[in-house]
Number of protein chains: 2
Amino acid sequence: MVAKTSFETRPCPIARSLDDVGEWWSILLLRDAFQGLKRFDQFQKSLEIAPNILTRRLNSLVERGLFEKRVYCERPLRHEYVLTAKARDFRPVLLSLLAWGNKHLAPEGPSLVVVDKADGRWAEPVLVDRQSGRQLDSDDFTMATGPMATERMRQRYRFASQGSGLPLVDNRPVDQNREEAPGK
Amino acid sequence: MVAKTSFETRPCPIARSLDDVGEWWSILLLRDAFQGLKRFDQFQKSLEIAPNILTRRLNSLVERGLFEKRVYCERPLRHEYVLTAKARDFRPVLLSLLAWGNKHLAPEGPSLVVVDKADGRWAEPVLVDRQSGRQLDSDDFTMATGPMATERMRQRYRFASQGSGLPLVDNRPVDQNREEAPGK
DNA sequence: CAGTATCCTGTCCGATACTG
DNA sequence: CAGTATCGGACAGGATACTG
C-alpha cells in the first residue's frame with residue numbers, strides 16, 4: 001500500500017482495484033475461497049501463512065467488502081469467510097491471471113486449469129466484448145478516458161492517442177451501450 | 001515480494017503471475033505502456049513516481065521479460081521501454097481489472113473504459129471459453145489441478161471439491177483440447 | 001532528458017508465544 | 001480451533017541531490 005499517494009484517491013479503475021486486492025495474499029485468499037475454502041485454518045494450511053498476517057488480510061478483505069464474516073457456530077463462537085457478490089465478480093481477473101501464468105510461467109505444463117464441470121474438458125479463457133463477441137486483445141479495441149476521467153488522465157491518453165489514430169471517446173452516458181445489449 | 005516463501009517456488013500459476021507483476025507500480029506501468037507510453041519521463045509524469053523507484057520497477061519488468069529496453073537515440077544514449085509479447089498477453093488481466101473496478105469502485109461512473117476503435121462504442125469485457133463461447137464465471141466451470149500440480153495442491157482441491165460434486169480432472173495431456181480447437 | 005546514488009520511513013510479513 | 005499480541009527483519013516506496 002502506498003502511503004502518501006494512496007491509490008484510493010486515484011480515479012483510474014485499475015489503480016482502485018489494486019488498492020482493494022493488490023496484495024499477494026489477498027489474491028491468493030480469493031483463489032482459495034473460490035475453491036471452496038472458508039475457515040481460518042483451511043486458509044492457513046493452504047497458504048502456509050502466519051496467523052497474524054492471515055487475520056490482517058482476512059479483515060482487510062472483509063472491510064473492503066470481498067469477504068463476509070459469518071458465524072457458523074455459536075458455542076464456541078466460530079466464523080467462516082464467504083465470498084460476496086463483489087468478490088465473485090472478481091473471478092475473471094483470477095482466471096485471466098491463471099491463463100497468463102499457465103502460458104508464460106509454467107513451461108512444464110499447467111498445475112491449475114479451468115475445467116468444464118460437466119465433461120472435465122479444459123477451458124481456454126478469452127476476453128471478449130459481450131455484444132459483438134470479438135476478442136478484446138485485438139487491435140480493434142483500446143482504453144479511453146470515460147466521463148469521470150480527470151484532466152490528468154485525459155492528457156495522458158491524449159498524448160498516447162497521437163499517431164495511433166485513436167478517436168478520443170468521451171463524455172458518453174454510462175449506459176450508452178446497455179439499451180441494445182442482448183440480455184446477459 | 002515475500003521473502004522466505006517466495007512465490008517463485010509455488011507451482012500455482014496465479015501465484016507465479018503475482019510474482020512477476022504483483023506489485024502496484026508494475027501493473028500501472030503496464031497500463032500506461034498499453035496506452036502508448038514508452039519513455040522514462042512519460043511514465044514518471046503519468047504516475048508521479050519517484051525516479052529511483054521507477055528505475056527499479058522498470059528494470060524488474062525488463063528482467064521478467066515484460067518490457068524490452070530499446071535504444072531509440074544513440075547520442076545521447078536514450079532508451080525506450082516497449083511491451084514484449086508476454087506483456088501483451090497480459091492485457092486481458094488488465095482489462096478484467098478495469099471492468100471490475102468500474103463496476104464496483106467507480107460509483108460516479110467510469111473514468112476509463114474499453115472502446116472499439118472503429119466506432120468508439122464502449123466494450124463490455126466478458127471472459128468466455130474460446131471453444132464454446134460460454135461465460136467462464138458461470139457455475140459450469142471451476143478450477144482444477146492440472147498434471148503438474150503438487151500433492152499439496154491436489155489435497156487442497158480435493159477438499160474443496162467435496163460436496164460440490166466436482167469431478168477431479170487431472171493428468172490430461174497439455175494439449176488435450178487443442179486438437180479440435182477452431183484455430184483462433 | 002534519463003536516469004543514479006543516498007537516506008529514511010512505512011508496513012508487509014515471518015516467527016513465536018499466548019488465550020478462550 | 002480460531003484467533004490475538006509482540007518483536008524483528010526485509011524491502012518497497014518517498015524525498016532529494018546529483019550527473020552526462
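In what follows, every chain begins at residue 1, and chains take the letters A, B, ... in the order their sequences are listed. Since we're looking at a predicted model, the values are computed, not measured.
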Examine the side chains of B/R88 and B/T84 and answer whether a donor and an acceptor come within less than 3.5 Å of each other.
no
Without decimals, in angstroms, what is the distance between A/R56 CZ and D/dA5 C1'?
12 Å
Nucleotide of D/dG3, C/dT4, D/dA12 approaching B/R57 most closely (side-chain heavy atoms):
D/dA12
Given C/dG3, D/dA15, D/dA12, identify the nucleotide with an atom nearest to the side chain of B/K69.
C/dG3
Nucleotide of D/dC1, D/dG3, C/dC13 approaching A/Y81 most closely (side-chain heavy atoms)
D/dG3
Round to a whole Å and report the spacing from CD of A/E23 to P of D/dA12.
14 Å
Rounded off to whole Å, could you give me the NZ-to-P distance for the B/K38 and C/dC1 pair?
18 Å
Closest-nucleotide mapping onto DNA chain C: is A/R78 or B/K45 further toward the 5' terminus? I mean the 5' end.
B/K45
Counting only side-chain heavy atoms from C-beta out, which of D/dG3, C/dA15, D/dG14 sits nearest to B/A50?
D/dG14
Just the rounded figure in Å: distance from C1' of D/dA2 to CD1 of A/I49.
14 Å
Any chain of hydrophobic side-chain contacts (each under 4.5 Å) joining B/Y81 to B/I27?
yes
If the cut-off is 4.0 Å, is B/H79 near the phosphate of C/dA2, judged by side-chain N/O to OP1 or OP2?
no
Check every atom of D/dG13, C/dC1, D/dT16 against the side chain of B/R39 and return the nucleotide holding the closest atom.
C/dC1
Below the 4.0 Å mark, does C/dG3 have OP1 or OP2 next to a side-chain nitrogen or oxygen of B/T55?
no
So, B/R134 and A/D116, do they make that salt bridge, N to O below 4.0 Å?
yes
Within a reach of under 6.0 Å around CD of B/E151, are more than 12 heavy atoms found that belong to other residues, nucleotides or ligands?
yes
Would you kindly give the CG-to-P distance between A/D41 and D/dA2, to the nearest whole Å?
4 Å
Winner on side-chain proximity to B/Y72, out of D/dG13, C/dC13, C/dA2, is C/dA2
So A/W100 and B/F90, would you call those rings parallel, tilted or perpendicular, with 30° and 60° as cut-offs?
perpendicular
Just the rounded figure in Å: distance from C1' of D/dG14 to CH2 of B/W25.
10 Å
Length of the line joining B/E48:CD and D/dG13:P, which is rounded to integer Å:
16 Å
CG of A/N52 versus P of C/dT11: gap in Å, rounded?
16 Å
Give one of base, sugar-phosphate or nothing for B/P76, where a contact means two heavy atoms less than 4.0 Å apart.
nothing
